[in-house]
Amino acid sequence: MPAQNDELPALLTDGHGRTVRYLRISVTDRCNLCCRYCRDDSVPFIPHENILRFEEIEQVIATAATLGIHKLRFTGGEPFARKGFLEFLIGIHQRFPQMALKLTSNGTLLAPALETLKELGVSVNLSLDTLDREKYASITGRDMLPTVLENMHRMLELGIPLKINAVAMRGVNDGELAALASMAMDWPVDVRFIEFMPMGDSTIWSNSLFWPAADILDTARRYWKLDPVALRRRDGKESEGSTAEERGPAKLWKLITPEGKVSRGSFGLITSVTQSFCQSCNRLRLTAEGNLRTCLFDDREYPIRDILREKGTEEVRRIMLDAVSRKPVGAEILAASQGPVAHKRMSAIGG
Ligand code: SAM
């Protein structure tokens with residue numbers, strides 16, 4: 001069972017009174033898809049020798065655990081695009097049984113891993129921006145929607161906790177709100193629309209592509225009555241008293257049809273651009289090449305790969321504490337930016 005917050009040391013605190021509990025680890029910058037809003041295929045992948053080795057990631061996790069991290073999310077690139085990722089995950093579960101393990105994936109390569117993910121208690125955020133096969137191929141560069149849907153259904157059958165993330169893009173998937181959100185009607189999944197963030201110097205972000213959460217909400221109201229979901233506790237039960245830290249950044253609603261049918265899952269919005277949730281941010285990131293990053297929008301990174309190799313975990317611990325103490329308020333960086341908010345695209349950071 002994951003440990004409760006109050007049993008853990010709260011050592012990773014920043015200058016804004018926030019405590020970091022959540023480490024998001026990019027295990028690779030490689031991906032078998034090339035989503036236009038996420039990856040720039042003219043940027044070469046990081047050479048393999050410059051990527052943190054699995055045993056090094058494990059050392060970083062061990063260090064983070066002593067500082068009060070209780071939740072790990074593996075992301076990328078595509079985590080399963082890295083050979084040996086499943087075996088690594090099994091090892092992490094065995095060594096850190098108290099950690100809540102999460103995965104963000106495009107769902108294309110999951111099939112051989114699904115039973116194991118279920119056994120390990122891993123919950124999955126599945127990225128799925130459209131249910132239209134041609135559009136999927138045009139967004140991602142690969143005709144793989146049927147594979148993703150097959151794996152999604154298999155996860156639902158197995159009872160793997162599942163959230164669906166769709167990057168909201170006007171003129172791309174704004175006509176699909178009802179189709180995508182309807183998945184929450186029938187299945188116990190949260191379908192969350194993420195505001196498109198202007199990440200990376202080469203981003204395709206534009207005002208005309210940007211579909212703000214307020215408009216998404218208005219569109220949803222044309223189809224359903226929306227009933228706000230009480231904040232949820234980490235055990236999945238609903239509670240008025242739980243914190244945004246436990247719930248994550250999504251605002252959630254139950255969907256109610258005109259006939260009064262209530263959705264099994266929820267419809268959600270992640271308002272990264274129009275309404276920041278920085279005040280409750282509890283995240284630290286580790287990039288594939290071994291840099292700590294305290295905020296998506298802040299280009300400052302703290303390299304630890306060579307330090308780990310040369311000096312060991314005690315020095316990494318010191319850098320982690322120092323990095324978190326300087327964790328900025330991302331919304332301020334976004335507000336001050338004229339164009340893209342960070343140099344790197346999301347795939348190079350680990351979304
Ligand atoms: N390959 C995995 C996947 O597809 O989920 C994990 C990596 S991907 C970088 C993680 C998440 O970042 C995905 O849900 C993706 O949609 C989201 N993402 C990428 N670029 C984004 C952007 N500019 N704005 C908002 N979300 C973005």
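Indexing begins at 1, ligand by ligand and atom by atom, following the structure's order.
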Can a donor-acceptor pair be found between the side chains of [X] and [Y] at a distance below 3.5 Å?
X	Y	answer
Y223	R221	no
R21	N282	no
N106	T108	yes
S202	R345	yes

Open item on the list: Closer than 4.0 angstrom, basic N to acidic O: yes or no for R305 and E49?
Closed with: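 Salt bridge: no.
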
Task: ILVMFWY clustering at 4.5 Å (side-chain atoms), partners of I46 - done: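 Besides I46, the cluster holds I51.
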
Inventory of protein N or O atoms under 3.5 Å from ligand 1 N or O:
from	atom 1	to	atom 2	distance (Å)
ligand 1	1 (N)	G77	O	2.9
ligand 1	1 (N)	E78	OE1	3.1
ligand 1	4 (O)	S127	OG	3.3
ligand 1	5 (O)	S105	N	3.4
ligand 1	5 (O)	S105	O	3.4
ligand 1	5 (O)	S127	OG	2.5
ligand 1	14 (O)	S127	OG	2.7
ligand 1	16 (O)	Y37	OH	3.2
ligand 1	23 (N)	Y37	O	3.4
ligand 1	23 (N)	M197	O	2.9
ligand 1	24 (N)	M197	N	2.9

